[in-house]
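Structure, as structure tokens:
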There are 2 protein chains.
Amino acid sequence: MRVSELVRRSGVPLATIKYYVREGLLMPGSPTGARQAEYDDVHVRRIRLIRALTDVVGLSLQRTRDVLALIDRPDPDLFATLGRAVAALPPYETQREDYPRARAALALLGQVYDPRYPAVGQLERALEAAEAIGIPPTPERIAVYGEHARAIAEYDLAHAPEEPANVIEYAVLGTALYEPVLAALRRLAHQDIASRRLASPPRRSAGDPDPSDDERPDPDDDERTRPGADESPGPRAR
Amino acid sequence: MRVSELVRRSGVPLATIKYYVREGLLMPGSPTGARQAEYDDVHVRRIRLIRALTDVVGLSLQRTRDVLALIDRPDPDLFATLGRAVAALPPYETQREDYPRARAALALLGQVYDPRYPAVGQLERALEAAEAIGIPPTPERIAVYGEHARAIAEYDLAHAPEEPANVIEYAVLGTALYEPVLAALRRLAHQDIASRRLASPPRRSAGDPDPSDDERPDPDDDERTRPGADESPGPRAR
DNA sequence: TTGTATTGGATAGTGTAACTATCCATAATG
DNA sequence: CATTATGGATAGTTACACTATCCAATACAA
């Protein structure tokens with residue numbers, strides 16, 4: 001196919017495609033003559049992948065390129081590759097020599113603590129943040145989160161493809177792309193549970209239609225209960 | 001305390017603090033005279049919160065402001081507030097009328113499907129992305145992820161503070177700030193499981209300094225980091 | 001009291017990231 | 001043969017998150 005077709009199929013503007021090629025994220029088309037090149041499904045898929053990593057996972061183009069490079073030139077050492085892929089994921093932490101909170105958490109979970117794992121630094125940072133804002137990670141909470149995280153990870157690894165060539169891609173992309181899925185499911189579970197539990201009790205004003213009714217969340221339509229209804233609530237300057 | 005003290009205590013440059021005040025993220029100090037103002041722990045904490053939301057959760061200052069506004073002027077309707085907070089979290093999706101993948105997933109999990117929940121759009125987007133790159137969400141996977149996500153969410157809600165004033169803050173910040181924790185734990189579980197399972201193959205030789213390799217985690221070359229044949233009696237064994 | 005430092009407030013400047021637009025010479029297509 | 005599309009290069013744009021400078025008015029220290 002020609003570029004115009006790639007533009008159509010990917011929904012990405014030509015200028016942007018050219019930009020991705022320039023930046024080394026997208027491979028150039030195979031030349032068919034001096035001034036023409038041919039593109040195919042590989043390009044379409046690659047563009048989709050770039051968009052998934054930037055828009056959904058939230059990576060910068062730079063980090064996206066790093067991840068793509070891991071997939072393009074697979075290192076036989078899956079373990080090291082996975083580590084490098086994880087390092088491309090936020091939050092970004094510069095390597096330290098010790099991560100006390102992460103160490104304690106991993107000890108609790110009976111997992112290996114090695115400060116060279118990028119994810120250890122990321123965990124430390126996340127725990128620090130939680131602590132700093134006043135929702136400290138209790139051992140109990142760590143145990144609960146860790147247990148479920150591990151169960152999910154077990155599932156992930158148990159369902160990796162057989163062919164070694166694909167394993168790396170599966171591991172790298174699966175780690176990155178199922179995080180948003182998990183996050184969204186947790187958010188939705190919060191909403192679901194909250195709607196069942198607190199949909200009625202505390203607040204109810206005069207004209208409210210029977211609030212104790214259902215276990216389903218907010219079937220009624222009024223503005224104030226509508227989740228994403230208003231854009232920016234605050235007293236803005238700007 | 002004065003600004004200089006706030007700078008010292010928060011580690012954030014004065015220019016940045018001024019910028020945060022200008023942008024409505026940080027409340028001004030209470031004036032003590034025409035040309036002086038007083039700051040306190042509220043300011044210190046607020047700055048920490050801003051940094052946590054931007055650096056760890058990865059929000060823009062704009063989104064951070066939205067989240068802070070939710071906390072500052074709590075709406076008694078926790079459910080709607082939670083929805084708005086979720087809308088400030090990535091991935092950012094514009095409202096559609098239907099989200100087929102999310103609908104199917106939620107049906108599978110026995111949860112409410114309401115296209116007005118921001119997290120529904122986020123889930124759709126995440127599932128689309130996973131599908132587009134060739135690791136499609138099987139019902140089984142959805143079930144596994146959903147089950148664990150829900151268990152975590154149950155734990156979260158079961159441990160919310162009693163005072164209604166704090167509930168909103170807990171819910172909003174807990175949702176946002178424990179996502180990175182969960183993500184990091186999953187990444188670490190991947191590493192841990194992978195290291196146990198495929199730790200052996202084409203590994204380097206003993207005294208090899210391997211310079212290309214310095215940041216790469218390799219728990220295998222050091223017995224201190226190696227739980228090996230399960231001498232650690234953690235809750236890990238399932 | 002005097003002089004230096006600090007403050008709040010305003011405004012302008014910087015650097016990066018991710019595009020977007022324009023130009024051009026050729027090459028394919030109708 | 002005229003039109004349109006293409007690849008390649010280069011320049012411009014927008015948004016964001018700061019960062020720096022300036023200034024007049026204190027605050028406070030000597």
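Keep in mind that this is a model prediction, so the values were computed, not measured. To find a chain, count down the sequence lines: A is the first, B the second, and so on, and within it residues start at 1.
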query: A:Met1 has an atom CE; how far is it from atom P of D:dG7, in whole Å?
result: 13 Å
message: Walk me through whether B:Phe79 and B:Tyr117 qualify under ring-ring contact (aromatic ring centres under 6.0 Å, His included).
response: CA-CA 10 Å; B:Phe79 184 72; B:Tyr117 287 24; 5.6 Å; yes
message: How close do B:Gly146 and A:Leu185 get, counting heavy atoms only, and between which atoms?
response: N-CD1, 3.8 Å
Whole-Å distance separating the CG atom of A:Leu26 from the P atom of C:dA18: 16 Å
message: What is the separation between atom CZ on A:Arg2 and atom C1' on D:dT4, rounded to the nearest whole Å?
response: 11 Å
field: Nearest-angstrom distance from the residue atom CZ of B:Arg8 to P of C:dT6
entry: 14 Å
query: Please give, in whole Å, the distance from D:dG8 C1' to A:Ile17 CD1?
result: 15 Å
Between C:dT16 (P) and A:Glu23 (CD): distance, integer Å: 14 Å
query: Between the side chains of A:Gln36 and A:Arg2, is a donor N or O closer than 3.5 angstrom to an acceptor N or O?
result: no
query: Whole-Å distance between C:dA28 C1' and A:Tyr39 OH?
result: 15 Å
field: Selection residues 23-32 of chain A - residue pairs positive for side chain to side chain donor-acceptor pair (under 3.5 Å), sequence neighbours left out
entry: none
task: Kindly determine whether A:Arg186 and B:Asp156 satisfy salt bridge (charged side-chain N to carboxylate O under 4.0 Å, His left out), including the steps that lead there.
output: CA-CA 10 Å; A:Arg186 175 169 170 260; B:Asp156 291 334; 3.0 Å; yes
statement: Atom CG of B:Leu59 and atom P of D:dC16 are separated, to the nearest Å, by 14 Å
message: Output one letter per nucleotide in nucleotides 19-27 of chain C: B when a protein non-hydrogen atom lies under 4.0 Å from the base, S when only the sugar-phosphate is that close, - when neither is.
response: BB-----SS
message: So that I can tick it off, tell me whether A:Asp40 and A:Arg46 are bridged by a salt bridge, with the cut-off set at under 4.0 angstrom between side-chain N and carboxylate O.
response: no
